[in-house]
Each structure stands twice: as C-alpha cells, then as structure tokens.
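Encoded as structure tokens, the structure appears first; notes follow it.
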Protein chains: 2
Amino acid sequence: MHFTELINAIKERRNALQVTQETLAELSGVGLRTLKQFESGKGNPTLKTLQKIADVLGMEVNLKLKTVTRNK
Amino acid sequence: MHFTELINAIKERRNALQVTQETLAELSGVGLRTLKQFESGKGNPTLKTLQKIADVLGMEVNLKLKTVTRNK
DNA sequence: CTGTAAAGTGCATTGTATAGCTCTTTTCTG
DNA sequence: CAGAAAAGAGCTATACAATGCACTTTACAG
C-alpha cells in the first residue's frame, strides 16, 4: 500500500465508523493536529502514531511480501 | 502486527535474502544507524523509513481490519 | 442564506527520528 | 582459540514529527 492508500484506508474507516478527527484523536491519544496533518496528506507519521490510530479504528499495520511479480 | 512482530518480519526477511544491514541500508537509502536501531528494537521509524526498507525487501506495509474482535 | 460542526492551515515549541563516526559486542568460520 | 564480519551502542548535529492554539475553509442542516 502506498502512502495515499494508507491515508485513504484510515479516512474511509473513520467515516464508516462515523467518528470525527477530534474524537479519533482523543481516543487514540494522538494529537488532533497530528491526525489532521496525516489525513490531509501532509505528514510522515511514526510507526507508533500510525498504530495508535489504526488500533482505535480496529485496524492493524501489517508487513507482508508483495504479491509475487513473477507473472503479474 | 505488533511492533516486535514487524521488526521480526523485517529481520527474517533480510536473513532469508542473505542481506546484511549494511547492504540493506545502502539499497534502501536509509541510514545504517537508523536501520540498526530499528532492528534492535530501539526505534520508532517514520512510515516513509519503514516503507523504504520494506520495499527493498520485496515487502509492503498494509493496513487492514483486525480479525473481528466482537466476541473476544 | 445562516449557523454550526468538521476539516484544514499557519506559527511556534519541544521532543525525537535520522544519520555519520567510532567503538564494543556478538557470531561465525577455519 | 584467532580473526573477520556483522550487529549493537555512545556521542553529536540536524531535520522534522508531534503538539497546542488560533484562524480559515468546507460541508451541511434548517
């Protein structure tokens, strides 16, 4: 997932849950400013920040092998 | 995936590819010091740093819904 | 159109990730 | 065990992420 996709995944999930940035910020313990920056594509969050946000949204950060390009 | 698991995923993949930290650092454009800190569990990399590393290893960062926790 | 809530932005401060250099420790292989 | 390579750690400088506060813009209900 590219940067933008990660952002969208978060935004969509937040919308689906009908949660505002403000609430998400509070629940996750991440600063509102930080969350805003991230969602508006202006950030480069640390892994911990990303995990805090994802966690509250019932999501998680994964690292997996890319789909093999052998015959893509 | 928890922090430690992410680290292990990277380390294992790097070992599987028989690549040293030094080489990985060079290939990914991430500082050797940064990589060392990360792999030894002392870091909190930014998303971009993590992606650079994962990329070279043929891996990618994903964000997905956790296996439903509704009745955990 | 108006008011309100949510989202986005400028500015400033503080903390820390990044990075290079050097040195120590660990892990192999012969 | 000896030597070498790889991994880990201390010290330091710089860049930038995280954060709060105040203000602007956008979205939407009435």
Side-chain angles (χ1 to χ4, degrees), chain A residues 1-70, chain B residues 1-70:
Chain A
M1 278 175 114
H2 196 30
F3 214 100
T4 317
E5 297 176 280
L6 291 175
I7 294 177
N8 287 334
I10 293 284
K11 290 211 281 196
E12 280 165 26
R13 176 67 176 157
R14 185 170 63 72
N15 281 326
L17 295 177
Q18 294 268 61
V19 175
T20 65
Q21 290 180 338
E22 195 169 2
T23 306
L24 177 53
E26 283 165 11
L27 292 178
S28 64
V30 168
L32 177 57
R33 193 65 227 278
T34 304
L35 180 59
K36 282 176 183 300
Q37 272 186 48
F38 172 54
E39 281 199 11
S40 59
K42 309 243 167 82
N44 178 24
T46 61
L47 183 51
K48 279 178 185 166
T49 295
L50 183 60
Q51 285 184 324
K52 281 194 236 173
I53 295 171
D55 203 49
V56 169
L57 294 174
M59 303 178 89
E60 71 171 352
V61 181
N62 274 73
L63 248 185
K64 14 175 274 190
L65 287 179
K66 278 182 202 160
T67 27
V68 185
T69 324
R70 196 153 298 156
Chain B
M1 278 174 115
H2 195 31
F3 214 101
T4 318
E5 297 175 280
L6 292 175
I7 294 176
N8 286 335
I10 293 282
K11 290 211 282 195
E12 280 165 26
R13 176 67 175 159
R14 186 170 63 72
N15 280 326
L17 295 177
Q18 293 268 63
V19 175
T20 66
Q21 291 179 337
E22 196 168 3
T23 305
L24 176 54
E26 283 164 11
L27 293 178
S28 63
V30 168
L32 178 57
R33 192 63 226 279
T34 303
L35 181 58
K36 283 176 182 300
Q37 270 183 35
F38 173 53
E39 281 199 11
S40 60
K42 308 246 167 78
N44 177 26
T46 61
L47 184 51
K48 279 177 184 165
T49 295
L50 183 59
Q51 286 184 325
K52 281 194 235 172
I53 296 170
D55 202 50
V56 170
L57 294 174
M59 304 178 88
E60 71 171 352
V61 180
N62 274 72
L63 247 185
K64 17 174 271 190
L65 287 179
K66 277 183 205 161
T67 27
V68 186
T69 324
R70 198 145 295 170

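Throughout, protein chains are lettered first and strands after them, A, B, ... in sequence-line order, and every chain is numbered starting at 1.
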For the helix from dC1(C)-dG30(D) to dG30(C)-dC1(D), how many degrees between its two end axes (five pairs per end), to the nearest 10°?
70°
Applying side-chain hydrogen bond (donor to acceptor under 3.5 Å, both in side chains), can you list everything that pairs with Thr23(B), at least two apart in sequence or on another chain?
Thr20(B)
Detail all sub-3.5 Å separations between protein N/O atoms and N/O atoms belonging to nucleotides 21-30 of chain D.
none

How about Val19(B) and Arg14(B): do any of their side-chain heavy atoms sit closer than 4.5 Å?
yes
Rounded distance (nearest 0.5 Å) linking atom CE of Met59(A) with atom CD1 of Ile10(A):
5.5 Å
Side chains of Thr34(B) and Lys52(B), heavy atoms from C-beta outward: is any pair under 4.5 Å?
no
Between Lys66(A) and Asp55(B), is the side chain to side chain contact (heavy atoms under 4.5 Å, CB included) condition met? List the steps.
CA-CA 9 Å; Lys66(A) 278 182 202 160; Asp55(B) 202 50; 2.7 Å; yes
Between Leu47(A) and Thr46(B), is any pair of side-chain heavy atoms under 4.5 Å apart?
no
Non-hydrogen atoms of Gly31(B) and Ala25(B) that approach each other most closely
C-CB, 4.2 Å
Between dG8(C) atom P and Glu39(A) atom CD, what is the distance in whole Å?
6 Å
Between residues 4-30 of chain A and DNA chain C, which residues have a heavy-atom gap below 4.0 Å?
Arg14(A), Thr20(A), Gln21(A)
Glu39(A) side chain reached by Ile53(A) side chain, heavy atoms, under 4.5 Å:
no
Length of the CD-P vector between Gln37(B) and dA19(C), whole Å:
10 Å
Could you please spell out the steps behind the side chain to side chain contact (heavy atoms under 4.5 Å, CB included) verdict for Leu63(A) and Asn62(B)?
CA-CA 6 Å; Leu63(A) 248 185; Asn62(B) 274 72; over 6 Å; no
According to a strict under-4.0 Å criterion, is Thr34(B) in side-chain N/O contact with OP1 or OP2 of dA17(C)?
no
Contacting residues from residues 45-59 of chain B, given that a heavy atom lies under 4.0 angstrom of DNA chain C
Pro45(B), Thr46(B), Thr49(B)
Can you check whether Lys42(A) has a side-chain N or O nearer than 4.0 Å to OP1 or OP2 of dT9(C)?
yes
Atom of Met1(A), atom of Glu60(B) and distance for their closest heavy-atom approach
N-OE1, 2.6 Å
Once rounded to the nearest 0.5 Å, what's the spacing between atom CD of Gln51(A) and atom NE2 of His2(B)?
7.0 Å
Return the value, rounded to whole Å, for the distance between atom CZ of Phe38(A) and atom C1' of dA17(D).
13 Å
The residue among Leu24(A), Val56(A), Thr49(A) that forms side-chain contact (heavy atoms from CB on, under 4.5 Å) with Val30(A) is Thr49(A)
All N/O pairs under 3.5 Å across the protein-nucleotides 26-29 of chain C interface:
none

Can you tell me the distance, in whole Å, between the CG atom of Leu35(A) and the P atom of dA6(C)?
14 Å
Closest approach of Phe38(A) to Ile7(A) (non-hydrogen atoms, all atoms of both residues)
O-CD1, 3.5 Å
